[in-house]
Amino acid sequence: MASDLQTDISGGDAPRPGDAPGDVILRTEGLTKHYGGVHALVDCNFEIRRGEHVAIMGDNGAGKSTFVRQITAVEQRTSGRIWFNGDYVEFDGPLAAREAGIETVFQTLALADHLDVPDNLFLGREIRKFNLGPFSILDYKAMHAATRRGLEKTGVKIPNIRNTIQNMSGGQRQCVAIARTATFHSKLTIMDEPTAALGVQETAQVENIIRALKQQGEPLILISHNMRQVMDLCDRIVVWRRGRICANLRKEDTDGEDVVAYITGAKTQPEYASAA
Amino acid sequence: MSHTPDGVGGLSFDGSGRSLPAEAGVAIALVLIVLAFELLGRLLMHDSFLLNTRDNVPGLFNQARLQIIILQVSIIGIIALGVTQVILTGGIDLSSGSVVGMTAMIAMSFAQVGEINGLPNTRAVFHDRGWVDLPVIIPVVIGLLCGIACGLINGLLIAYTRIPPFIATLGLMVSARGVAKWWTQGQPVSFPTPGYAAIGAGMMPVIIFTCLAILFHLIMKYTVYGKHTYAIGSNEAAARMSGIDVAGHKVLVYTIAGLLGGIAAIVLSAKNLTAQAGMGVMYELDAIAMAVIGGISLSGGRGTILGTVLGALIFGVIISGFTFLRLDAYYQEMVKGAIIVGAVVLDQWRQRRSASRF
């Protein structure tokens, strides 16, 4: 499968809108982001299929988080094209991406400290009883029920969901951020360094949640520095270096040392020679 | 992996660590301050602070003093409701006092009577144009629009030029005061129509303050607007990533604060039966102080309208208490300053304590 992916994304012919194959959930082509003179992301061709768990690896500043911010429309890309779920998409903001089915656990978690669990889960897309524009009445009952369902689905236990985030431990915060993605029927989940700040047990719980997503056939993009975790949880590893993709490796065809060689720049796949 | 009743993998939650809501502390402080004045009153004045000690008046409490306590804070209290929302987003509004002065001048000039004691009121601002004895709705609408316009200017400046709220509202604080003075070249505007005067008559300011406080309490608690206000103050980046229109929401919050400033201006000028360019000086700081005493965190995201109302009552009790003890106004100001600083110190201490639990 990986081999036909290779030819697919490195091929010179630009696919037209709607061209993306049916089982590809997300595909980017020529994705580029410049911050002024800094080329944070250059010509990235990426693809993930249904049910697939793909790891994104790379050194600090390699463009991993920048890539995520472009596909989730937290920032607007400089150039390039994105297909999601078979359609060419131009999300105008993070809410549009979320409504389309891309759920993201950001590195910063993006939680409001003074709000409780349901408030955070539904931040920006609250369930409304009466729609009165900004003064719409909130449906707390429905949001609490949906929160409990989301927590059950991920196996996260938080005894008091009315507790505010500021009173929670790092692991609980991470679980809340992950449960947020599970509460909604996401088509693609993205996690940016979900275990970077966690202890051993908390990391284990987050990894269990990721395995549960795999069993449910939900595709996942995982950004991580943890080689063991990546080898354990993902089917494929895409390596970024200095804003460019430099390798696309199937887990079976590689090992930790090989991946490190790509990350550090000792190796580059021939298809990505321009990144060398 | 261990499964405990409190969570998977040893993720436990200590429910006992929850602290009381900030409002509870404010309410306790209010009671303590009342008790202190009661005690000092018995010792020094041989009179009760709040209880009725006159035989010729019925009732358990000293009705007149209770009314004064709440009446004297209700107008600044209205401003404080708006300032509370601004502070909850992590901002600040220094312009509200000047907005009150300017709005009072402009609204009042459309509310003047045409004749005083049978003689034409030649000093009315719009006497020459015949805009006197207008229906009360006109000055009210003009006043509200004036407040909204000021709030909108603040909001747009803060949301779209990204200058700090402190500077943006400081600018309007100075400019609006200038407009207030320029409007009549410094002359006071007096003699409102009976309809306009009725807005500020008797306990009307208290009724208006109470209604607005209840309205905004409900809005902050049960609407999307309230939720987003807290979210922005709590973590603006998270709010943005969650898809909240942060800039648009800030414009709305400052506009509502301006509107409340406009309402306060109308009530104040109607109550005083006059408007002067110097009206509302320092009101912005008193309003901020009420919010801070009421437990609104200056870093945003924490506090409630109820807290601000309690903060306003503490304010009223202190002013009344000092008058009751026949202490000079100088002491009031000194103590007021100390209380404001004390409230912020207490708030920071509370926050540090809750943060250090993990």
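Order of the sequence lines sets the chain letters (A, B, ...), proteins ahead of strands, with each chain counted from 1. Computed from a prediction, not measured in an experiment: that's the story for all the values here.
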Inset, instruction - Name the member of A:Leu115, A:Thr72, A:Val74 that forms the most heavy-atom pairs with chain B at distances under 4.5 Å. - result: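 Between A:Leu115, A:Thr72, A:Val74, the count favours A:Leu115.
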
Inter-residue atom distance [X].[atom1] - [Y].[atom2], 0.5 Å rounding:
X	Y	atom1	atom2	answer
A:Tyr140	B:Lys221	OH	NZ	7.0 Å
A:His114	B:Leu88	NE2	CG	10.0 Å
B:Thr223	A:Phe130	OG1	CZ	13.5 Å

Atom group of [X] that falls short of 4.5 Å from chain B, counting heavy atoms:
X	answer
A:Phe106	side chain
A:Arg125	neither
A:Arg180	side chain
A:Leu111	backbone

Inset, instruction - Indicate yes or no for a side-chain donor-acceptor contact from A:Arg98 to the backbone of B:Ser242 under 3.5 Å, with no hydrogens or angles considered. - result: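 Yes; judged by distance alone, with no hydrogens or angles, the pair exists.
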
Legend entry - Heavy-atom contact with chain A under 4.5 Å, split by part of B:Leu252: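 Answer is side chain: those atoms of B:Leu252 sit under 4.5 Å from chain A.
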
Legend entry - Residue, of B:Ser234, B:Ala238, B:Gly233, B:Gly301, that accumulates the most heavy atom pairs under 4.5 Å with chain A: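 Heavy-atom pair counts peak at B:Ser234.
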
Inset, instruction - Identify the heavy atoms of B:Met241 and A:Pro94 that sit nearest to each other, and give their distance. - result: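 For B:Met241 versus A:Pro94, the nearest heavy atoms are O-CB, 3.3 Å.
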
Inset, instruction - Using a 4.5 Å cut-off on heavy atoms from C-beta on, say whether the side chain of A:Ser136 contacts that of B:Val224. - result: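 Answer yes - side chains close enough.
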
